[in-house]
Structure formats: structure tokens, C-alpha cells
Amino acid sequence: MVRYNPNEIEPRWQSYWDEHNSFATPSLTDSAQDVAKRYVLDMFPYPSGDGLHVGHPEGYTATDIVSRFARARGELVLHPMGFDAFGLPAEEHAIRTGEHPRVQTQRNIDNFTRQLKMLGFSYDWDRVLATTDEDYFRWTQWIFLVLYDTWFDTEMQKGRPIAELPIPAEVTAEGDRAVELYRDSRRLAYQDDALVNWCAKLGTVLANEEVVDGKSEVGGHPVKRIPLRQWMLRITDYAERLLEGLEELDWPTGIKKLQYDWIGRSTGAEVDFYLQSGNRAGDDATGPFVAWKRDRATTGFPGETQEDFLRVYTTRPDTLFGATYMVVSPEHPLIDRLVTPEQKAEVNAYREKASFKSDRERTDGDRAKTGVFTGSHAINPADGRSIPIWVADYVLAGYGTGAIMAVPAHDIRDFEFAVAFDLPVIPVVNPPADHEQRDDILAGKACYVAEGEAINSGEFNGQTTAEVKSALTARLSEEGLAREAVNFKLRDWLFSRQRFWGEPFPILHEIDADGNPTGIKRAVPDDQLPVTLPDLEDFKPHGRPEPPLAKADDDWLIVELDGKRYRRETNTMPQWAGSCWYYLRYIDPKNAQQLIDPELEKVWMPVDLYVGGAEHAVLHLLYSRFWHKVLYDRGYVTCPEPFRKLVNQGMILGEVEFTGYTDEAGKPVSTKNVRRDADGNRVTKDGKPVTTVKISEDDVEKKGEGFVLKSDPSIKIDSRAFKMSKTRGNVVNPDGVVRDYGADSLRLYEMFMGPLEATKPWVMTGVGGVRGFLDRVWRLIVDDKADELQLSDAVVDEPCDEEQLRVLHQTIRKVTEDTEGMSFNTAIAKMMEFSNHFTRCETRPREAMEQFLVLLHPYAPHIAEELWRLLGHQESISKEAWPQWDEAALVESSIEIPVQINGKLKAKINVAPDASQDQMIEAAMGDEQVQNAIGDKQVFKKIAVPGRMVNLVVK
RNA sequence: GCUGCUGUAGCUCAGGGGUAGAGCGCCUCCUUGGUAAGGAUGAGGUCAUGGGUUCAAAUCCCAUCAGCAGCUCCA
């Protein structure tokens with residue numbers, strides 16, 4: 001008796017594929033031009049010490065199916081894998097144990113590789129790469145130097161070589177050093193004193209997006225804001241291009257929207273408010289203000305801001321008449337000019353406090369508005385009214401101009417602030433007559449943010465919001481007081497980290513004879529790349545915001561070049577760097593001369609399918625697109641966007657858990673009587689603490705919407721699946737699943753769980769279910785009663801009967817269409833139906849079995865290979881062509897259709913599939929059951945949909 | 001608060017204006033000297049709720065409820 005034994009079959013076929021190099025990427029350049037290429041890419045993993053979890057193989061199985069399917073259809077496939085191997089965990093391990101991060105990283109990569117091979121993925125393993133490989137990060141550094149060598153020409157909307165940057169005459173006049181500094185101020189990679197998130201515990205600064213709730217995303221340590229000299233990448237220059245590029249992409253709309261929102265383009269106007277000297281609110285504002293205004297009318301709107309006015313950005317210039325005060329951020333450059341002596345102490349105290357506030361404190365709680373009056377006033381250019389200027393931390397220094405005109409009647413934040421500090425509220429937009437709060441709004445007691453008709457707005461009264469917007473902006477522009485403006489939420493990318501385990505920056509800082517920096521930088525020459533990491537004795541951060549690389553010996557740190565001495569840059573790049581461009585290197589992974597051979601780039605790019613988790617929806621994909629556009633502008637790649645189609649696989653949760661609660665006496669408490677108190681602890685309605693207890697599935701039953709305790713149906717039970725985590729102890733390990741069920745079962749189950757994009761809980765009995773399916777497939781072909789592996793007697797060299805042929809071709813069509821549409825779960829369901837049908841057949845024509853195995857092989861490659869071999873084939877099934885379905889075979893000679901009376905099903909009749917409407921109605925009227933249903937009523941209308949149904953309307 | 005997604009059999013999910021489906025689980029029966037056994041039958045659904053459009057709504061539209069995920073002072 002030979003049973004299906006994946007533990008024996010699977011390693012054997014994996015070795016076979018290895019030995020025969022079955023999935024080597026075909027060379028595109030010598031292939032016929034008319035053959036389609038398909039570049040199928042997974043987001044490469046960070047090789048953690050925990051190994052793969054079952055979430056990884058979800059996306060990997062999907063891409064593997066697509067790749068094997070494409071090959072079977074004659075396409076040329078590139079399907080590579082690699083490792084995003086720089087990162088904090090390896091460095092933290094090194095700090096703890098003293099073991100070099102490279103050692104641990106390699107060990108983890110080896111383990112990941114073993115696990116990936118165990119699952120039978122058809123990667124081209126000759127192209128594997130890790131971002132930590134020196135001949136990989138050599139090119140990461142090289143791309144950084146391209147960024148360093150590029151400036152963005154706003155006119156042309158294009159990155160250009162820094163040598164082509166026009167230098168103003170006055171700069172040239174100041175000499176070479178000034179020219180160099182001017183260039184530095186325009187490079188895409190530049191240094192700046194940034195307020196950074198310094199995490200003392202991790203010993204590094206973090207990007208904003210790595211800080212969650214004021215704590216580090218990794219480890220949850222406290223984060224403080226300090227100023228530090230950092231490398232920045234000018235991604236904001238590409239904001240418009242990054243937006244435009246999204247349109248053409250075949251990405252989920254949700255992800256596109258996230259990127260749109262992240263970039264956050266808004267249009268509005270910049271408006272200048274004349275500053276009154278001192279605190280003479282409203283008295284003689286007219287004189288100097290009128291003079292200033294007259295001046296502006298001739299000189300126009302200045303490009304740079306000056307001391308005598310405060311510039312704001314607003315998306316609602318139409319509400320200018322409603323601006324009753326102004327607010328500057330605590331970090332606003334004009335603040336010292338604005339604060340009057342009387343207010344100085346209070347403002348300074350407020351600014352001090354704000355600077356120490358962590359992001360957590362700033363955003364925590366109910367966000368009650370805080371702020372302090374500066375003592376100064378400005379004049380509203382719309383009507384010449386004098387309004388006070390406040391400082392408050394709800395205005396952000398980094399957005400717009402760092403100052404706002406506050407219109408409390410029509411902005412919620414301004415309204416809250418005005419209420420808190422008793423500032424006037426003047427409505428200037430009339431809400432629609434049927435608006436619930438209309439009276440309150442008009443009385444200045446409520447806030448209205450939508451559009452409407454202008455009121456209290458002088459000559460603009462009665463116009464719509466859109467009309468006022470353009471008319472008022474136009475008038476102010478003419479007067480030189482405003483201009484149309486576009487703003488982005490996107491910020492420049494903080495690109496340096498104070499860590500050891502990352503790519504060193506290929507930058508040298510010139511030092512003088514005493515070892516002090518002169519302020520001049522230069523790039524490490526191409527032929528001296530890569531800049532490798534120095535050998536260090538230990539990897540501990542020193543608790544100061546100075547990178548570990550600064551501890552390196554002088555023979556690494558100090559470089560002499562062309563007679564000058566330099567000190568190496570000691571920051572390292574963030575983990576994003578290596579993942580920004582790996583998809584390019586897979587195409588030409590061993591090229592020592594260049595990043596990528598342009599010929600190969602041209603044929604393989606863009607990536608046709610990119611699959612990964614939605615957690616990378618914004619950052620990785622935005623950063624990658626940014627680098628790609630720079631490389632595009634500089635002529636190193638030929639397509640403007642790297643990833644044509646993107647699919648996010650959903651998260652796999654742990655098994656569903658049932659949770660109940662007990663009170664202090666141990667008595668069960670129904671879920672509906674449990675609340676969370678202010679601290680997030682679970683308590684009863686009257687505030688007594690409850691204990692959370694896990695409940696077995698056997699002890700609960702379904703009742704209505706939810707679950708209740710079997711022993712006491714009045715007790716409601718929570719049921720939900722949680723994210724897999726070590727602390728919860730619900731992590732499913734692929735090694736165990738493969739051992740117990742086989743890799744094919746794991747692959748099949750991951751795909752059968754539900755749509756790829758959906759979040760879904762793991763159900764171990766479901767794995768048993770698909771294993772049962774594979775067992776049946778095995779018995780379909782193998783004689784499981786025989787002592788030796790041999791074909792079942794039922795497999796015969798005869799043609800299919802009509803029904804078998806129809807089932808076969810239905811299956812071919814469904815599996816083909818669903819695989820193409822990445823609807824893998826439904827394709828599998830159809831294959832299950834196929835095997836159920838043929839299990840019931842006494843004879844199973846060989847032809848049907850063979851075609852079925854070809855359909856199955858992208859999903860369960862090992863068993864398909866094994867059975868294919870048993871059917872007498874010497875060549876791997878992966879070389880077999882995908883079957884075609886025959887439309888003629890799908891047609892049934894007679895079909896059953898429903899007959900409805902007034903839309904309710906009353907009978908079924910058999911008709912030819914191509915029966916006309918008249919024929920169908922005739923057949924329906926001739927049916928006995930139909931006649932009975934009609935009885936003595938009159939038929940008003942007869943509706944027949946060919947091939948579908950008949951409906952009779954009677955009265 | 002905002003945005004997005006989801007409510008179909010006990011579970012996990014297909015379907016989608018015109019016959020309510022699959023796998024697992026469950027009931028009953030049969031086969032089996034080789035047992036993580038196999039086969040055959042069957043039960044089980046107010047398609048979340050309420051309106052609307054239609055000859056016909058689980059499907060389309062509106063509202064409501066519930067769950068999940070992400071974002072959040074961007075003027």
C-alpha cells in the first residue's frame with residue numbers, strides 16, 4: 001500500500017529542480033522578440049532570528065503560482081529572492097553578545113533559505129542577493145552619490161547633474177568655496193540640522209514614521225526631540241512627479257489613496273499680514289499700513305519673507321474676512337521680533353515647554369489647545385482690521401509657512417482655540433438654510449467647515465466659496481499681498497542613522513592640519529567603492545548621538561586624497577536604502593562594472609507584479625519610486641515607474657480564540673457587561689475588575705450574532721482572531737506544518753484560506769482539509785492497494801465521456817481564468833470539484849488526469865511532479881504547456897432553467913441551451929406544475945432570459 | 001474624529017439582478033487483516049437590519065447596526 005507521503009516526495013523533487021536548474025531565468029536578449037516577459041517579485045524579507053512565519057509563504061506562494069503558470073504558458077519569467085539584511089535586531093544581538101552582526105545575519109539567511117527551499121518555490125537561486133553583500137551595497141552607495149550629484153530643476157521638473165546648476169553671479173564672485181556651498185544647498189542629498197527623534201535607549205535617531213505614539217516603533221522606548229546634523233534626501237522636490245506617476249499604476253486604490261494623502265498636495269494662497277510695531281492694537285494702524293500697501297502695489301509680492309510682515313498659507317483664502325487672530329508655531333523664525341517685552345517671559349516659557357514635549361505628549365489625550373499671546377498685532381489685508389498674534393503648538397513649524405491666519409468660524413482647530421482663549425468668532429460663510437446648526441454658526445457659537453455663500457465679506461458678499469476664493473486671491477495678488485500656492489504634507493527624508501549595521505556613506509569631510517573640519521565635503525571616488533564597514537572591538541552605542549563608526553581606528557576613519565586629509569562620514573544609511581533598488585539588481589546581479597546593464601534593464605523592467613504586505617504601502621514604495629525617478633532622470637533606467645502592478649496580501653491571524661470574563665468571585669460575567677475603564681483595564685459595568693479567561697471551542701455555542709457559554713447561554717463570549725505574536729503564543733511555524741502535512745498542503749491551504757488581499761484567521765483543521773484533497777488526488781491516479789507504486793486500474797487510455805469532458809474543460813477554464821486573476825482560492829475549489837467528480841467515476845481517462853495535473857502543478861508542484869512521473873513522463877511537469885479549454889466541450893445538450901411566477905420559483909424545465917425566448921415560454925407554459933401554479937389567474941407578462949430563466953407575471 | 005474593508009451554512013470562504021454554492025465540521029449507512037483510513041447519502045441558510053428601484057434584490061441605491069484595519073492638529 002503506497003500512500004501519499006509528502007515528506008519523501010517533496011525533498012526528492014526539490015533536489016531534482018536544484019540539480020536540473022529548472023527555474024533558471026531565460027536569457028531575454030537571445031530570445032525571439034515576440035515572447036512575453038514577466039518579472040514577478042516578492043517583497044524580500046528581513047531575515048529575523050525567528051525564521052519564517054506563515055505570513056511569509058502567503059505572498060511567496062501567490063507569486064510562485066503566477067510564475068509557474070506564466071512559464072507553462074510560454075512566458076519568460078524572472079522570479080528572484082533576496083534578503084533585506086541590514087537592520088537593528090542583528091546589531092542589538094551584537095551589542096548583547098559581541099558576535100559580529102554579519103555572523104548572525106548569515107546564519108539567519110541560511111535558515112530562511114532552507115525554509116524557502118522546503119516550500120518548493122521556483123526562485124532563480126543564482127540571483128539571490130543580500131543588501132549586506134559588499135558588492136551589493138557598493139551600488140547602494142553609488143546611487144547615493146547620484147543623489148548627491150543631482151539637483152532638481154523645478155522648471156523642467158527633472159533631476160539634473162549638479163554641474164549643470166546655474167550659479168548666480170554674486171555667488172561666483174565670492175569664490176569657489178561659496179560656489180561649493182551653493183551647490184550643497186541644492187543637492188538632493190544634503191546635510192541639515194534637523195530636529196530629530198533621538199532615542200537614548202536605541203542609541204539612534206529615528207525617522208518620524210519609526211516613532212509611534214512618541215515611542216520607538218522597535219522596542220517601544222521613549223523618544224526625545226533634539227537638533228542634530230543629519231543627511232536628508234530632498235524627496236519633496238519630487239512630490240508632484242510622485243503624485244502624477246501614481247495615475248498610470250495598476251495598484252489597489254486604497255494604497256494609491258494612502259500615497260496621495262501622504263504626499264498631501266493642497267492648493268491655496270500665501271497671504272502677507274502687515275505687522276504693527278508693538279502692541280498698539282488697532283489705533284493708528286492705518287498710516288504705516290496704507291503706506292506699506294501702496295508700496296506692495298508697485299513692488300509686488302516678495303519671494304522671500306521679511307521682518308515687517310507675517311506670511312501665512314491657507315487653503316481657504318475665501319475666509320480671510322473671518323480671520324480674527326493669527327498663530328505662529330513655537331519655532332517660528334520671526335518670533336523674537338513679535339514678542340513684546342511684557343509677554344517675553346510667558347512666551348519663552350511656553351516655547352521651552354513645547355520643545356521638550358515629546359510627540360506623544362503633543363498628540364495625547366483630548367488635544368486641548370494651548371498657546372500664549374505674543375503681544376503683537378497684524379493687520380488683516382482684507383479689511384484693515386487689527387488682529388492679535390498668538391503662539392501655539394497646534395501650528396506646525398514644518399508645514400506651510402509655520403504661521404496661520406485663524407478663522408475660528410470655519411476651522412475646527414481655530415474654533416477650539418478661540419473658545420479656549422475667548423477670541424472673537426466672525427462667520428463669513430453662510431451655511432445652507434436647512435443646516436441644523438445654522439443659527440449657532442451665524443451667532444459664532446458653532447463652527448462650519450463646508451462651503452456656502454459669503455457673508456460679512458464686504459464686496460464679496462453673496463458669492464460662492466469657489467468664487468470668493470479666486471476673486472479675493474486675484475485681487476490680493478494684484479495688490480502684491482498674496483499669491484496662489486501649493487503645499488505638500490510630504491517632508492524631506494531623514495536619511496542618516498547613528499548605527500553600525502548599515503551602509504556607510506561614501507562621503508569625505510575635509511579636515512585641516514589640526515583635524516578640524518573645514519566644511520568642505522567630497523564624494524568617495526567611484527573606483528574606491530564600496531566603503532566597507534570598519535572592524536570594531538564592540539558594537540555598543542555610547543549613549544551620545546554620535547555614531548559607532550566614529551570609534552573606528554584612524555586607518556579607516558582618516559583618508560588622504562589628492563594631498564588633502566579627510567575624515568569619513570560616520571553615519572550609516574537607514575534600512576530603507578538597500579530595499580529601494582534591489583529589484584534592479586536582480587536583473588543583473590553579478591555586474592561588477594555597473595549597477596545594471598542598460599540592455600537588460602530595458603527588456604526586464606518594469607516589475608510586472610509586486611506582492612507584499614500593506615505595511616509598506618507608503619514608505620518603502622514611496623522611497624523606492626523616488627530613487628527610481630532620480631535614476632530615470634539621470635538616464636540609468638528607462639521606465640518612470642518601477643512597479644506596474646502591486647498586490648498586498650492580507651495578514652494571517654492566529655486561530656480564533658474564545659474569551660470570557662469572571663468577576664472576583666470567579667463567576668462568569670457576560671461580555672455585554674464588561675467595559676474598559678479610563679486606563680484600558682476591563683471592568684464590570686459598576687467598575688469592578690474582571691479576569692480574562694480563555695474558553696475552549698467545545699464549551700461555546702452560536703447564538704444569534706455571537707457566542708454564548710453552553711452551560712449558561714446568558715453569558716456572552718468574545719470571539720476573535722488575533723495577530724500572531726510570540727507573547728500571545730499563537731504563532732504558527734511553517735516547519736511544523738510542513739512536517740505534519742507537507743509543503744504542498746501548506747501552499748494549498750495558504751491559498752485556499754480566502755482572497756489573497758483579505759485578513760484571515762489560521763485554522764489548522766483547514767490544513768487537514770486540503771491535505772485530504774491531495775490524498776484524494778493521489779488515489780485518483782495511484783493504486784493505493786498495491787504494494788508497489790503503480791497506476792490505479794481506473795486510469796485508462798480511453799477518451800472522456802461527455803460529462804467528464806465538460807467537467808475537465810470547465811476546470812481548465814476556471815483554473816486558467818482564476819489563476820490569471822489571482823483568485824487562487826476559487827481555482828482550488830474548482831479543482832476540488834474536479835477530483836470529487838472523477839473520484840466517483842469508474843474510469844478516469846489518462847488524458848483528463850494529465851491535463852488536471854498540469855493545472856494543479858503551480859499550486860502543488862511536488863505531488864504533480866510525482867504523479868506526472870508515474871503517468872510515464874520523463875520530463876518535469878514544469879516544462880509542460882498549459883492546457884486549453886474547448887468551448888464546444890462546455891456546452892450541455894439540455895439545460896435546466898427555473899420558471900418563476902411573480903418572481904418566485906415554481907418549477908424547473910429542461911430546454912436546449914440555445915432555445916429562443918418563444919421556445920422557452922412555450923416550454924414553460926406547457927409544464928404541468930406551471931399550469932397548476934397559474935391556476936385560473938391571468939398571465940400579464942412573459943419574461944424569458946435565454947439560457948437563464950422564465951418569469952411569468954400573473955394576477 | 002477621518003478613511004478604507006467586511007457582514008452568505010457551526011467554521012473558513014465563493015457567488016452576485018433570474019435554481020443558494022465549495023472545503024472543513026456534523027448525522028446516517030457501507031467498505032476495510034494493512035488506519036493521521038476510504039466511500040455513499042443527508043441535515044443545516046430571514047444571504048446583518050430597515051427602506052427604495054425592478055416583472056424579479058442575497059446581488060443595485062440609500063440609511064442604520066456590528067466587526068476589523070489604517071491615519072490623525074498639515075491650516
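Numbered from 1 within each chain, the chains take letters A, B, ... in sequence-line order.
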Quick check on [N]: is either OP1 or OP2 less than 4.0 Å from any side-chain nitrogen or oxygen of [X]?
X	N	value
A:Asn836	B:G23	yes
A:Arg3	B:A36	yes
A:Arg840	B:G38	no
A:Arg779	B:G39	yes
A:Thr759	B:U6	no

Let's test this: given Watson-Crick or G-U wobble pairing with both distances under 3.5 Å, identify the partner of [N].
N	value
B:C11	B:G23
B:G34	none
B:G4	B:C68
B:U54	none
B:U49	B:A63
B:G17	none
B:C29	B:G39

Heavy atoms from C-beta onward define the side chain here; which of [options] lies closest to that of [X]?
X	options	answer
A:Leu396	B:C24, B:A75, B:C55	B:A75
A:Pro755	B:A22, B:G39, B:C13	B:C13
A:Arg776	B:A14, B:G18, B:C24	B:C24
A:Asp393	B:U3, B:C73, B:A75	B:C73
A:Val656	B:G18, B:G39, B:U12	B:U12

Taking the [atom1] atom in each of [N] and [M], what is the distance between them to the nearest angstrom?
N	M	atom1	value
B:C11	B:C73	P	39 Å
B:G4	B:G39	C1'	47 Å
B:C62	B:G70	P	27 Å
B:G52	B:G17	C1'	15 Å
B:A57	B:C47	C1'	11 Å
B:G7	B:U64	C1'	14 Å
B:G15	B:A22	P	15 Å
B:G45	B:A14	C1'	15 Å

Under 4.0 angstrom, heavy atoms only, what part of the nucleic acid is [X] near: base, sugar-phosphate, or nothing?
X	answer
A:Lys830	nothing
A:Ser266	sugar-phosphate
A:Val945	base
A:Lys760	sugar-phosphate

Could you state the atom-to-atom distance from [atom1] of [X] to [atom2] of [N] in whole Å?
X	N	atom1	atom2	value
A:Leu774	B:G23	CG	P	15 Å
A:Glu833	B:C24	CD	P	12 Å
A:Asn825	B:A14	CG	P	6 Å
A:Asn5	B:G34	CG	P	19 Å
A:Tyr749	B:C13	OH	C1'	10 Å
A:Lys814	B:A22	NZ	P	14 Å
A:Asp775	B:A37	CG	C1'	9 Å
A:Leu490	B:C71	CG	C1'	16 Å

Regarding A:Tyr399 and A:Ser329, do their side chains bring together a donor and an acceptor under 3.5 Å, going by distance alone?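 Absent: no donor and acceptor within the cut-off.
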For atom [atom1] of [X], decide whether the heavy atoms of other residues, nucleotides or ligands shown that lie under 6.0 angstrom number more than 12.
X	atom1	value
A:Glu842	CD	no
A:Ile412	CD1	no
A:Gln790	CD	yes

Decide side chain to side chain donor-acceptor pair (under 3.5 Å) for A:Asp492 and A:Thr236; before the verdict, give the C-alpha distance in whole Å, the side-chain angles of both, and the deciding distance to 0.1 Å. CA-CA 6 Å; A:Asp492 275 347; A:Thr236 50; 2.6 Å; yes
If you find the nucleotide of RNA chain B closest to A:Phe773 and the one closest to A:Asp411, which residue's nucleotide is nearer the 5' end?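 Its nucleotide being nearer the 5' end, the pick is A:Phe773.
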Go nucleotide by nucleotide along RNA chain B from the 5' end; which of A:Tyr741 and A:Phe752 gets its closest nucleotide reached first?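 Result: A:Phe752.
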Quick check: any donor-acceptor pair below 3.5 Å linking the side-chain of A:Lys369 to the base of B:C73?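 For A:Lys369, whose side chain was compared with the base of B:C73, there is a donor-acceptor pair (under 3.5 Å).
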Would you check, one step at a time, whether the test side chain to side chain donor-acceptor pair (under 3.5 Å) holds for A:Tyr4 with A:Ser745? CA-CA 12 Å; A:Tyr4 168 47; A:Ser745 291; 4.8 Å; no
Evaluate the ring planes of A:Phe417 and A:Tyr394, with Trp represented by its six-membered ring, and classify them as parallel (under 30°), tilted (30 to 60°) or perpendicular (over 60°).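 Rings of A:Phe417 and A:Tyr394: tilted, as their planes differ by 30° to 60°.
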Determine the interplanar angle of the A:Tyr859 and A:Phe824 rings, folded into 0 to 90°, and report it as parallel if under 30°, tilted if 30 to 60°, perpendicular if over 60°.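 Perpendicular, since the angle between the ring planes exceeds 60°.
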